[in-house]
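This report concerns only the one structure given below.
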Amino acid sequence: MRLDEVVGQVRHCIRAMHGYVPGKQPGEGAYIKLNTNENPYPPSPRVLTALREAVGADLRLYSDPVALHLREAAAALYGCAVDEVIAGNGSDDILTMIFRTFLNAGDVIVTPSPSYTLYNALSALQDAPCQEIPMGPDYTLPADLDAHGAKVVFIVNPNAPTGVLHAREAIRAFLERTQSIVVLDEAYADFAGESAIDMLHDFPHLIVVRTFSKSYALAGMRLGLGFARREVIAEMMKVKDSYNLDRLAIVAGCAALHDQEWLRETRDTIIRTRTWLQQALTEMGLHVPPSRSNFVFPTIPDGRAAAVFEGLEQRRILVRYFRGSRVADSLRVTVGTDAEVEAFVQALHDLLA
Ligand SMILES: Cc1ncc(COP(=O)(O)O)c(C=O)c1O
């Protein structure tokens, strides 16, 4: 068989898609990195100690396929049953499981836009079209979100890339009226202090997704959680990779959940810096939606967002720019340390002068 014949055998929907483009990941220290919403602080010392202790001969053995200890710790923390939790290799893994579990080719998914761009890539993989329903200028849920025959609706809350939180009442009202499965992607919920995990018992069509990549400073460990009714989790268990979390990830996740004091302190520090950053941008005359996450989303006036993005990169400051999208007039900026954020504000000030 010739190579072009091999490539010709690739599924049509894969050939037709572009593939998800993650934010740039340069080597350590090369840039001030405010582009992928990582935590600027190191993980809890308890996580690092637990990891060091776990590095040993046991690594020759497979990890627990169902990550029981991690799910037990999550169930205790979030007040649900162990069989209402599933663990993932990052929350992207949980999202992949949801797509594989629910979506046949041709099924429609809907997301209020702007939204997490990975949903587009996952829907293309599954040959299940993704419809983006624009949010209004204040980024509230679109009134017609339910009018598109979606099998699954994906809502990021607090939203990415805007940082705006949909109030619990709005989420509850949508869950009450919709006939779709609703996935709440709560990647940034720890920074908002609000979650819908406690609504699971009222709404069997709700799935909540969480990550350790942001608030727990563990993006490099790849850890996520999914919460749903036990019958739904049982189906998702069938589609996950057998050993989707490695031994070290499970150890790190347990230690992270057991150090809530570290989480509170780190989160409070990031929120203090976020408040300062938001204020500084507003004083520069920029519009910034009220962020409840660990990033802000200023609009850059006069069509200069692309130029400012490039100017920042030349000054070795990375932020996220969604070129060619309907939010191409804005930049998403992670809340870093005070020093990183001050350097960003200074550079932005110079570029806009
Ligand atoms: C809304 C949203 N969901 C999920 C993820 C993926 O996180 P993870 O690192 O857990 O795969 C991200 C990462 O940026 C995100 O912004």
Side-chain angles (χ1 to χ4, degrees), residues 20-25 33-40 43 47 67 70 74 85-100 109 111-123 125 130 132 135 139 152-166 171 182-192 194-197 207-227 240-241 244-246 249-250 252-253 256-257 270 289 291-297 318-322 325 327 330-336:
Y20 178 70
V21 183
K24 189 168 174 162
Q25 304 297 340
K33 194 171 177 312
L34 307 177
N35 65 334
T36 46
N37 298 341
E38 289 133 327
N39 196 310
V47 170
L70 177 60
V85 190
I86 190 165
N89 185 247
S91 59
D92 286 350
D93 186 29
I94 305 280
L95 294 169
T96 301
M97 289 176 209
I98 294 170
F99 273 83
R100 285 204 213 159
I109 73 150
T111 188
S113 133
S115 184
Y116 184 32
T117 49
L118 182 75
Y119 304 147
N120 272 303
L122 292 178
S123 80
L125 286 176
C130 174
E132 299 189 23
M135 290 190 273
Y139 298 121
V152 186
V153 176
F154 288 81
I155 301 174
V156 189
N157 202 30
N159 176 257
T162 65
V164 174
L165 181 75
H166 302 298
I171 296 291
V182 178
V183 176
L184 281 184
D185 184 338
E186 293 193 344
Y188 303 97
D190 283 328
F191 299 103
E194 275 192 32
S195 170
I197 294 177
I207 304 176
V208 180
V209 181
R210 303 289 290 247
T211 180
F212 290 67
S213 297
K214 319 294 179 183
S215 54
Y216 287 102
L218 287 171
M221 279 314 299
R222 312 304 304 126
L223 275 161
L225 295 169
F227 298 84
K240 77 175 191 62
D241 290 346
N244 61 332
L245 269 72
D246 65 54
I250 293 171
L257 293 181
I270 290 171
S291 172
R292 297 289 297 274
S293 64
N294 70 334
F295 53 86
V296 295
F297 196 56
L318 290 182
V319 298
R320 191 82 197 249
Y321 178 54
F322 299 96
S325 74
V327 287
S330 301
L331 298 176
R332 197 194 64 192
V333 185
T334 307
V335 178

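First listed ligand is number 1; within each ligand, the first listed atom is number 1.
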Intermediate values then yes/no, ring pair (Phe, Tyr, Trp, His ring centres under 6.0 Å), Phe191 and Phe295:
CA-CA 10 Å; Phe191 299 103; Phe295 53 86; 8.7 Å; no
Nearest 0.5 Å please: distance from the OG1 atom of Thr117 over to the CZ atom of Phe322.
6.0 Å
Do [X] and [Y] have side-chain atoms, one donor and one acceptor, less than 3.5 Å apart?
{"X": "Ser293", "Y": "Ser291", "answer": "yes"}
{"X": "Asp92", "Y": "Tyr20", "answer": "no"}
{"X": "Asn157", "Y": "Glu194", "answer": "no"}

Less than 4.0 Å from some atom of ligand 1, heavy atoms are found in residues Gly90, Ser91, Asp92, Tyr116, Val156, Asp185, Ala187, Tyr188, Thr211, Ser213, Lys214, Arg222
Only distances under 3.5 Å count here; give the side-chain donor-acceptor pairs of residues 215-224 to other protein atoms, sequence neighbours excluded, each with its distance to 0.1 Å.
residue : atom : partner : partner atom : Å
Ser215  : OG   : Asp190  : OD2          : 2.6
Tyr216  : OH   : Gln260  : NE2          : 3.0
Arg222  : NH1  : Ala219  : O            : 3.3

